[in-house]
There are 2 protein chains.
Amino acid sequence: MAATIRDVAQAAGVSIKTVSNVMNDYPHIRPDTKRRVLDAVELLHYSPNQSARSLRSGKTGVLGLAVPELSLSYFAELADAVIQAAEARGLKVLIEQTGGDRDRELELLASPRLQLTDGLLFSPLGMANEDAENLSVGFPLVLLGERIFGGPTDHVTMRNVEAARAATDHLLSKGRRRIAVVGAHEGEVIGSAGLRLQGYRDALEAAGVPYNPALIAHTTLWHRANGATAMRELLATGVDFDAVFGLNDTLALGAMRVLQESGRRIPRDVAVIGFDDLDEAQYSLPTLSTIDPGRTEIAETAVAVLAERIADRRSGLAPREIQAQFRVVERESTAS
Amino acid sequence: MAATIRDVAQAAGVSIKTVSNVMNDYPHIRPDTKRRVLDAVELLHYSPNQSARSLRSGKTGVLGLAVPELSLSYFAELADAVIQAAEARGLKVLIEQTGGDRDRELELLASPRLQLTDGLLFSPLGMANEDAENLSVGFPLVLLGERIFGGPTDHVTMRNVEAARAATDHLLSKGRRRIAVVGAHEGEVIGSAGLRLQGYRDALEAAGVPYNPALIAHTTLWHRANGATAMRELLATGVDFDAVFGLNDTLALGAMRVLQESGRRIPRDVAVIGFDDLDEAQYSLPTLSTIDPGRTEIAETAVAVLAERIADRRSGLAPREIQAQFRVVERESTAS
DNA sequence: TCCGCAGTCTATAACGTTGTAGGAAGAACG
DNA sequence: CGTTCTTCCTACAACGTTATAGACTGCGGA
């Protein structure tokens, strides 16, 4: 059906390799020959067969991106940024959803279906440090997120501790001293929750404010509903607070809603800050102060690092850990 | 480096075709032979090369999904649903972002890079009916969305007119008569905006309520900010209204925010309904009534239809237009 | 005049799989 | 006892590309 390189070669009166050379911008071709080939290409609507190309060259031009789910805005915006960064390099992105489930994450790493891609950007949510060895797969892999540190692969991440400390400092600078946290994970040390809680504690300590466990609200998944529920529970305990640090924006938005229902005014009675700088944070009522964790930078860096590893597979280069720059974004929810 | 089918054949003492047969569950194989092959596969960590498979079989097992941008929640949730539907069929999804730009959409259709996929789910935002002929590409394509009707391909869409009518009826049933619309597109007849506005007018007419152009607020893109701006402009005109129909959820949420800033209570002073049933609509304050347009059904149907076209390429089957079932979701923003 | 050397091109062999055609061995049948 | 039919397996030719090795120009320098 579709024209092959052979058809073009015949139509142009050259060998198939010459056609291949033209298609790949090989330098030493007479302008005249090139012209004839391109005319034939045009005429026959020729377009190289990708499977054959991949088979011969061993590259597919596709990157895999594995995230928990696109319905979580953070990952949707991350995927957006990754696709754009990949496109700038002429690469496509194939997206896998793991649901944040450890078993499915491990299964994905073992799966032969990754054959379709040249490498993988992997953002686990269920796996933890003890699963690090499973990352030693036979192909280029760049780790995203904060579930595993010190693993065998390159790792692009955000400055969770420092950024959370900056968020807390921001609230402290507004004169708030009883700062509640929404979204902590019981006993977690690494992972976004653990690291951000650590940043919170660091900030309190530096400011000489005592840490009060009663102000910490726990949740499982970081969905909006959980932020609301956690806040309801916090209010039910009767503990007094004048600020809330939502460990991500969706939690903060859910919590904000419950605060408003309960009659508290934001930021006057309670100041609120989130983490992620989702698009949505700009349009909530009030607009939500937050941390911009450098998502675009993360996406670009991750794609660049992965592309580098793909180009240079054998390289014994030690795994790198790269952290993006963050930024405190002040909006209405923490206005003075 | 990696083991090939030849290595396995040698290790198992059979021909390569027998290995291939085992890998593809060909029926007539002696249990004993099968066992030996599988042992060799295990031993050598063999996994079939996808590029070679694709080259030989002409199928890649990958579907393309082209959407404007994943940062728009509707498309992120659609992509989520599509990936899940594809996974159920053992297919992968490669996502392209067009930015809703007509030129990029047209370029995508002409691009040879689609070679990587067996077919495309295409959700244009910039193209319109006059571009329909450009959809006649040489490979399986299923159209999504409401920009083009009567084109040369299968089309999976929602019941925009009926659903918008139901949304309006819902407001009317609450005794509202002065219903504003946020998000109309000047002069548009098809497209989500045009169709939903039509549904609104149909409902008014059936109820004997006169159509008042002063109640229609226009926007360009359906981002949150535009909903807010449109509502501000509407309020500035001084027109009186007791309900708002946001042509999608993000517009409704933006409008709701401005209404609240202006001191209006929802739903008491103004009832609000949206369209899309985003996750977010469940957690706004108040929770947002909306239309569930059957997104999951759309994704599943679209993948099924595309898979069918791929399996049966030659089929002269006429293009089908399939509409998903919708549902009015009543929440606080239109409570009695 | 001859050699070497860029520049341009070609023939042919891969890449790793699946499809086609057919062969060997035994069972079923007349 | 031959013939036909299953069942199981094999050899070999594709699929459409890129890589390798080498051939053929003409031209400048020895």
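Chain identifiers are assigned alphabetically (A, B, ...) following the order of the sequence lines, protein sequences preceding nucleic acid strands; residue numbering begins at 1 within each chain.
Remark: side-chain polar atoms of B/E77 are paired, donor with acceptor, to backbone N or O of B/D279 under 3.5 angstrom. Distance alone, capped at 3.5 Å, places no donor-acceptor pair between the B/R89 side chain and the B/A307 backbone. In terms of modelled atom types and a separation under 3.5 Å, the side chain of B/N24 and the main chain of B/Y26 share no donor-acceptor contact. Side chain of B/R36 to main chain of B/A12: a donor-acceptor pair is present (N/O by atom type, distance under 3.5 Å, no hydrogens or angles).
Among residues at least two apart or in separate chains, salt bridge (charged side-chain N to carboxylate O under 4.0 Å, His left out) pairs with a member in residues 95-106 of chain A are A/E96-B/K92, A/R102-A/D131, A/R104-B/E87.
The distance between atom CD of B/Q50 and atom C1' of C/dC15, rounded to the nearest whole Å, is 15 Å. One interatomic measurement links the two molecules: CD of B/Q10 to C1' of C/dG16, which rounds to 15 Å at whole-angstrom precision. We find that CG of B/D25 is positioned 15 Å from C1' of C/dT18, with the value rounded to whole Å.
Under the rule for a side-chain hydrogen bond (donor to acceptor under 3.5 Å, both in side chains), the partners of B/S15 that lie at least two apart in sequence or sit in another chain are B/T18.
One end of the helix from C/dT1-D/dA30 to C/dG30-D/dC1 points its axis 50° away from the other end's axis, with each axis taken from 5 pairs and the angle rounded to 10°.
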Protein-nucleotides 5-9 of chain C N/O pairs under 3.5 Å:
{"residue": "C/dC9", "atom": "OP1", "partner": "A/T33", "partner atom": "OG1", "Å": "2.1"}
{"residue": "C/dC9", "atom": "OP2", "partner": "A/R30", "partner atom": "N", "Å": "3.0"}

Could you list, one pair per line, each protein nitrogen or oxygen that sits under 3.5 Å from a nitrogen or oxygen of nucleotides 19-24 of chain C, together with the distance?
{"residue": "C/dG19", "atom": "N7", "partner": "B/K17", "partner atom": "NZ", "Å": "3.1"}

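Protein chain A contacts DNA chain D from D/dG16 to D/dT20, reading 5' to 3' and using non-hydrogen atoms of the protein with a distance under 4.0 Å.
Proximity of B/H155 to B/I322: side-chain heavy atoms (C-beta onward) are nowhere separated by under 4.5 Å.
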